[in-house]
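Numbers restart at 1 for each chain; the letters A, B, ... are given by sequence-line order, proteins then strands. The figures that follow rest on heavy atoms only: side chains count, while hydrogens, waters and symmetry mates do not.
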Amino acid sequence: MNFDFSEDQKLLQQTARDFLDEHSPLSVCREVLESDQPYSQSLFKAAAEMGYQGTVIPEEYGGAGFGYLELAVVAEELGRALAPIPFSSSVYLATEAILLAGSEEQKQSHLPRLAAGEAIGTFALVEKAGQNGPEGVEATCKGGKLTGTKLPVPDGDVADFAVVAARSDEGLSLFLVDLDQDGVTREPVGSFDPSRSMAQIRFDGADASLLGTAGEGAALAERVLDRAAVLVGFEQLGGADRAFEMTKDFMNGRYAFGRPISSFQALKHRLADLWCEIQLTRSNCYYGAWALSNDAPELGIAACISRIAACKAYDLAGVEMIQLHGGVGYTWEYDCHMFYRRAKLLSVILGSPASWKDRLVTRLQAQNAA
Amino acid sequence: MDFNDTPEEAAFRAEARTWLEKNAAPKDPDDPGDDILGERTSPEIIAAAKEWQKKKADAGWACITWPEEYGGRGATPIQNVIWGQEESNYSVPPNIFGIGIGMCGPTVLTHGTDDQKKRWIPKLLSGEEVWCQLFSEPSAGSDLAGLRTTAVREGDEWVINGQKIWTTGAQFSDWGILVVRSDADVAKHAGLSYFVVDMHSPGIEVRPITQINKGQGFNEVFFTDVRIPDANRLSEVGNGWAVAITTLMNERASIGGGGTGGGVDDLIELAASVELDGRPAIENSSVREKIADLYTRSRGVQYTGYRSLTALSRGTTPGPEASLGKLVGAALAQEMASFGIELGGVTGATLDEGATPGDSLFQEMYLAIPGLRIAGGTDEVLRNIISERVLGLPPETRADKGIAFKDIPTGPAS
Ligand SMILES: Cc1cc2nc3c(=O)[nH]c(=O)nc-3n(C[C@H](O)[C@H](O)[C@H](O)COP(=O)(O)OP(=O)(O)OC[C@H]3O[C@@H](n4cnc5c(N)ncnc54)[C@H](O)[C@@H]3O)c2cc1C
């Protein structure tokens with residue numbers, strides 16, 4: 001049994017933690033939260049210099065050529081740091097879509113710039129409230145011209161291009177669309193977690209190039225979402241861990257009734273339960289990372305359980321963080337709400353937990369039928 | 001990252017499997033599984049269990065982590081896990097030696113003299129003698145150190161009076177590990193001593209207790225002027241608490257290792273085979289959500305176990321964090337059983353071989369699991385352990401510190 005990261009991977013993780021401690025203390029997240037800037041450009045650039053955006057991009061396209069276990073440990077650290085950058089959109093979604101389905105030409109034109117952090121990509125899938133996956137897409141693409149409205153598109157206001165789901169004659173397909181062109185209008189949309197930005201994008205006959213096989217967009221989108229679910233799961237894990245540690249430290253220092261509040265059993269047991277949730281999530285995410293890095297047939301189920309567990313643990317950590325801090329936890333000045341907001345944003349950003357639970361059971365049924 | 005054995009582990013697994021293939025039949029798919037509460041204790045089962053244990057001992061496959069000089073093979077903890085995994089694929093009798101092998105043996109090996117080890121370990125290992133754990137009392141469970149059974153020295157002997165309770169397997173045990181109060185004038189934890197008692201001694205009376213599921217795994221054990229030779233004392237007089245801690249640490253390791261993560265596949269099977277509102281229940285969205293939650297959680301417990309095994313494989317001893325397995329696993333098993341009953345609809349209300357869906361599996365489980373949430377450290381005690389020993393939070397303020405045991409306040413009933 002060797003169900004853990006290797007020493008080299010742990011070293012990489014430590015390097016990422018040191019790097020983020022220096023370049024992304026919580027004040028960097030707060031700066032983005034409190035200003036009009038959509039993300040921290042300097043952090044995104046510094047991360048690219050570390051090679052993080054290109055972690056799994058093959059060397060021939062300018063990446064580091066590592067595997068997904070390496071990307072997973074970086075993701076965990078970015079989550080811990082609440083890094084206010086469009087990393088998940090660009091790396092876990094757009095880059096993955098191109099790696100999975102891009103033509104040689106598409107890879108050559110996009111991957112090197114993505115790896116270098118010179119381009120930001122995103123995934124424009126959802127159009128309306130209640131939508132969680134490729135179902136219900138109404139945007140169309142005829143003769144290479146894409147028309148429709150996507151809302152919300154994470155990081156859509158800052159991305160250079162998007163992977164867009166739209167209907168063509170063959171059925172639902174994915175397209176690569178440059179966002180700097182006449183047929184594209186975008187407007188920022190208020191975000192539940194303003195340290196991560198959201199936009200509405202209108203396509204009005206925009207030039208689009210097919211990504212992958214026409215008519216197979218739904219299956220491709222699901223594969224992209226599965227991969228992103230594991231990686232976002234590590235961000236959630238990192239965030240939950242940090243929220244837990246900060247809460248524990250606060251409780252050890254806060255006295256009431258003549259003793260540290262961390263000595264009250266009602267609160268100790270809540271911390272113990274939260275610790276258990278985070279441990280279970282870590283284990284499920286490791287399984288997801290194993291499946292992703294081996295491109296295992298189990299990835300479909302592994303992605304679901306990573307995501308379901310991670311959404312639950314981070315939500316709980318955010319909720320408990322505010323509650324166990326008392327009044328200060330409810331202030332803008334304290335950092336608790338940054339975790340509370342990020343947790344909720346991540347719990348819906350790839351589709352709600354309810355949709356992933358349904359997907360999980362569908363996949364279990366298929367597995368049992370086989 | 002992978003789930004594979006190291007080459008040495010694989011070689012060991014192959015060796016274990018070769019022996020098992022020759023000496024046991026493959027498991028019947030309908031095998032009822034682990035006897036987690038030690039309830040299956042008919043004379044035939046006990047005889048079969050002893051025979052199997054003896055067979056293993058003769059071939060060097062019993063208590064493999066114990067030293068060779070006492071019949072073990074000095075195996076590593078991970079080899080022990082591998083052996084257990086392999087053995088569980090075969091049709092073998094229920095393990096009536098769990099307490100003896102998991103807790104009593106390791107305690108004797110840690111604290112016993114050479115003579116004591118020679119006297120007790122080989123026959124414990126070979127299954128010729130069965131052991132039980134005489135710790136809990138009517139007024140001392142979670143608060144074990146509050147126990148009141150007394151030991152008074154008379155020459156080379158100790159005279160024991162009092163009562164133990166919840167003693168699993170006492171009705172067929174030959175020996176018991178016993179913690180008693182040898183001094184009530186000193187502080188609670190300082191007045192305890194630890195003995196090995198011959199369960200056939202005059203003055204011991206064992207009365208079975210009936211569980212909520214009508215099983216009789218545990219007993220009351222009364223001691224009236226029972227005499228124990230001083231040679232049966234483990235460690236110093238007054239050092240019983242330290243010895244008891246050794247036992248409890250081993251208890252945690254042996255209970256935590258047991259897989260309570262199963263069962264969710266049975267639940268999915270049941271949900272696919274029964275109907276809800278005229279459609280297969282598994283198509284109902286609230287059923288689906290519940291299954292997804294239970295599946296995710298049970299895999300979480302399973303993979304957390306894999307992480308512990310990885311640490312074990314790398315030579316790290318599991319610490320108090322191993323409490324998670326039982327804390328989460330037992331409550332989860334209860335929730336699965338509860339949902340399994342509900343899936344049957346109104347027929348879930350039956351407990352009848354012919355009428356109850358899914359062979360009454362979940363009904364039986366629902367009546368068994370509460371015991372698991374109490375035995376070997378209750379859920380609440382495990383949360384105390386996690387919060388204090390893993391997370392380092394401050395201990396409880398206590399009402400029993402720094403005073404003689406006899407002056408500690410007690411409830412009206414005791
Ligand atoms: C099936 C089964 C088999 C058993 N086998 C054995 C055996 O072989 N040998 C043996 O010696 N014992 C055995 N036991 C006994 C078991 O160890 C005790 O039942 C257990 O430790 C709880 O003690 P208690 O029953 O006195 O309950 P109590 O300790 O009185 O607990 C009552 C309730 O109070 C809670 N509580 C107690 N203290 C605290 C605290 N500090 N903080 C928060 N909550 C607390 C408990 O969690 C529980 O919910 C067995 C029990 C069961 C159910």
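Within the 4.5 Å cutoff, the side chain of A:N2 has no heavy atoms near those of the B:M1 side chain. Between B:Y303 and A:R282, the closest side-chain pair of non-hydrogen atoms is not below 4.5 Å. In this structure, the side chains of B:R297 and A:K312 come closer than 4.5 Å at one or more pairs of heavy atoms. Between B:R383 and A:R270, every side-chain heavy-atom pair lies at or beyond the 4.5 Å cut-off. Two residues are said to be in side-chain contact when any heavy atoms from C-beta on lie closer than 4.5 Å; A:H269 and B:N384 meet this criterion. Taking the side chain as every heavy atom from C-beta outward, A:R359 and B:R288 never approach each other to under 4.5 Å. At least one side-chain heavy atom of A:Q265 sits under 4.5 Å from a side-chain heavy atom of B:E396.
Only the side chain of B:S313 comes within less than 4.5 Å of a heavy atom of chain A; its backbone N, CA, C and O stay farther away. For A:Q9, no part lies under 4.5 angstrom from a heavy atom of chain B. Both the backbone and the side chain of A:S262 come within contact range of chain B, judged by heavy atoms closer than 4.5 Å.
Counting heavy-atom pairs closer than 4.5 Å to chain B, the top residue among A:T281, A:I301, A:N294, A:L280 is A:L280. In terms of heavy-atom pairs under 4.5 Å with chain B, the best-connected choice from A:D358, A:N252, A:L271 is A:D358. When the candidates A:L267, A:L364, A:T362 are compared by the number of heavy-atom contacts under 4.5 Å with chain B, A:L364 comes out ahead.
Between B:Y306 and A:F3, the angle of the ring planes goes over 60°, which puts this pair in the perpendicular group of the 30/60° scheme.
Of the possible polar contacts, one joining the A:N284 side chain to the B:T296 backbone as a donor-acceptor pair under 3.5 Å is found. A:K268 contributes a side-chain N or O that, together with a main-chain N or O of B:P394, makes up a donor-acceptor pair within less than 3.5 Å.
Judged by the 6.0 Å distance and 45° axis criteria, B:R307 is positioned over the aromatic ring of A:Y286.
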